[in-house]
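Computed from a prediction, not measured in an experiment: that's the story for all the values here.
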Amino acid sequence: MCKGLAALPATCLKSAKDMKHRLGFLLQKSDSCDYGSSQGKKEKIPPAQRVSQEEVKKWADSLENLIHHDRGLAAFRAFLKSEYSEENIEFWVSCEDYKKTKSPAKLSPKARKIYNEFISVQATKEVNLDSCTREKTSQNMLEPTLSCFDEAQRKIFTLMEKDSYRRFLKSHFYLDLVSPPAAGCGPENCRRTRAHNLDCNSNIVPQCA
């Protein structure tokens with residue numbers, strides 16, 4: 001016959017309570033792990049969408065079309081990085097961002113940062129500017145305005161347009177997008193596409209399904 005819990009020794013009661021506590025802890029930990037796992041799944045980045053052929057072909061019309069498209073800009077940046085000349089597009093992008101500055105108080109520090117990074121004698125990412133443009137930009141630093149980098153930006157744009165942009169249109173960075181492999185995607189084409197996959201957060205994926 002069951003004599004009830006009161007008849008059990010104190011040590012038995014303590015052991016039972018300890019076991020109950022451990023089981024509760026394990027169940028709680030298991031729930032926590034399941035929740036963490038589900039959260040991790042939700043945070044996965046969705047696969048990127050392909051760039052339409054119509055859009056890609058527009059990039060060949062002008063450098064302006066290319067770099068004013070997010071994925072075109074990313075592809076061009078990756079190409080310049082492969083040529084060790086990404087400072088040109090980085091300078092252009094910085095100038096575009098600078099011209100959107102709304103607070104007058106932020107003009108001077110932002111202008112100085114761009115100047116020190118791309119134009120000054122000790123610039124870490126010095127761009128190729130003629131001495132006249134460089135001197136004029138330096139003078140603009142005395143009283144920075146939204147247009148203080150305009151001339152320097154135009155010079156770098158022209159430099160890219162006449163040089164690196166033309167090479168980009170002949171490179172695999174562009175050709176792999178504008179001329180996707182034929183239906184069936186043979187092993188050789190797949191290997192070539194994987195080998196030339198962009199080394200950047202461009203969200204551009206090879207046209208090889």
Side-chain angles (χ1 to χ4, degrees), residues 43 45 48-49 51 55-56 58-178 195-206:
E43 291 174 358
I45 300 174
Q49 296 180 351
V51 186
E55 197 65 50
V56 172
K58 290 179 182 178
W59 299 350
D61 293 339
S62 69
L63 175 59
E64 189 171 358
N65 282 353
L66 173 67
I67 60 182
H68 278 92
H69 188 284
D70 288 344
R71 295 181 184 176
L73 174 63
F76 189 52
R77 189 196 297 268
F79 168 73
L80 291 179
K81 186 176 181 180
S82 74
E83 291 198 334
Y84 303 99
S85 59
E86 66 268 27
E87 69 275 0
N88 290 327
I89 194 62
E90 288 181 11
F91 172 67
W92 185 88
V93 170
S94 295
C95 291
E96 287 294 290
D97 178 68
Y98 175 78
K99 289 186 289 188
K100 297 175 183 177
T101 304
K102 296 180 180 181
S103 173
K106 293 182 179 180
L107 284 179
S108 184
K110 289 184 72 172
R112 180 56 57 181
K113 183 177 184 298
I114 293 173
Y115 179 81
N116 290 338
E117 188 174 6
F118 298 102
I119 299 176
S120 72
V121 178
Q122 298 180 340
T124 56
K125 300 178 182 179
E126 185 178 356
V127 292
N128 187 14
L129 291 172
D130 59 88
S131 58
C132 182
T133 303
R134 194 180 299 275
E135 178 61 28
K136 183 176 180 180
T137 306
S138 298
Q139 293 177 0
N140 291 342
M141 291 299 96
L142 298 176
E143 294 183 10
T145 63
L146 289 176
S147 60
C148 66
F149 292 110
D150 282 2
E151 185 172 346
Q153 186 184 20
R154 279 196 297 270
K155 291 292 178 68
I156 294 302
F157 180 91
T158 301
L159 179 64
M160 293 190 295
E161 186 176 41
K162 293 181 177 180
D163 186 26
S164 51
Y165 171 60
R166 295 179 180 180
R167 291 198 303 277
F168 168 78
L169 295 178
K170 297 177 182 178
S171 74
H172 69 79
F173 289 90
Y174 179 69
L175 296 179
D176 283 355
L177 293 170
V178 76
H196 296 317
N197 197 13
L198 300 184
D199 182 22
C200 65
N201 299 321
S202 61
N203 288 330
I204 301 178
V205 298

* Structure fact -> Closest non-hydrogen atoms of Met160 and Phe76, given as atom of the first, atom of the second and distance, are SD-CE2, 3.9 Å
* **Spatial distance of atom CG (Asn140) from atom CG (Asp150) [nearest 0.5 Å]** => 9.0 Å
* So which heavy atom on Phe173 is nearest to which on Ala75, and how close? -> CD2-O, 4.2 Å
* To do: Check whether any side-chain heavy atom of Leu177 sits under 4.5 Å from a side-chain heavy atom of Trp59, and report yes or no.
  => yes
* Asked: Atom CZ of Phe91 and atom CZ of Phe149: how far apart are they, to the nearest 0.5 Å?
  -> 6.5 Å
* Lys/Arg-Asp/Glu bridge criterion (N-O < 4.0 Å) met for Arg71, Glu55 -> no
* Asked: Quick one: CG on Leu107 to SG on Cys148, what's the gap to the nearest 0.5 Å?
  -> 7.5 Å
* Using a 4.5 Å cut-off on heavy atoms from C-beta on, say whether the side chain of Cys95 contacts that of Phe118. => no
* Within a radius of less than 6.0 Å around NZ of Lys99, do more than 12 heavy atoms belonging to other residues, nucleotides or ligands occur? -> yes
* Asked: Quick one: OG1 on Thr137 to CD1 on Ile119, what's the gap to the nearest 0.5 Å?
  -> 4.5 Å
* To do: Return the minimal non-hydrogen interatomic distance between Leu169 and Leu175, and the atom names on each side.
  => O-CD2, 3.6 Å
* Asked: Which atoms form the tightest heavy-atom contact between Ile156 and Asn128, and what is the distance?
  -> CD1-O, 3.7 Å
* To do: Please tell me if the side chains of Pro144 and Tyr115 come closer than 4.5 Å, counting only heavy atoms from C-beta onward.
  => no
* Once you round to the nearest 0.5 Å, how far does CZ of Phe168 lie from CG of Leu63? -> 9.5 Å
* Looking only at heavy atoms, what is the nearest atom pair of Ser120 and Asn116, with distance? -> OG-O, 3.3 Å
* To do: First locate atom CD of Glu90, then atom CZ of Arg77, and finally report the distance between them rounded to the nearest 0.5 Å.
  => 5.5 Å
* Asked: Do Tyr165 and Ser62 get their side chains close enough for a donor-acceptor pair, meaning under 3.5 Å?
  -> no
* Structure fact -> Tested for side-chain contact (heavy atoms from CB on, under 4.5 Å) against Val127, the lone hit among Gln153, Glu117, Glu87, Lys155 is Glu87
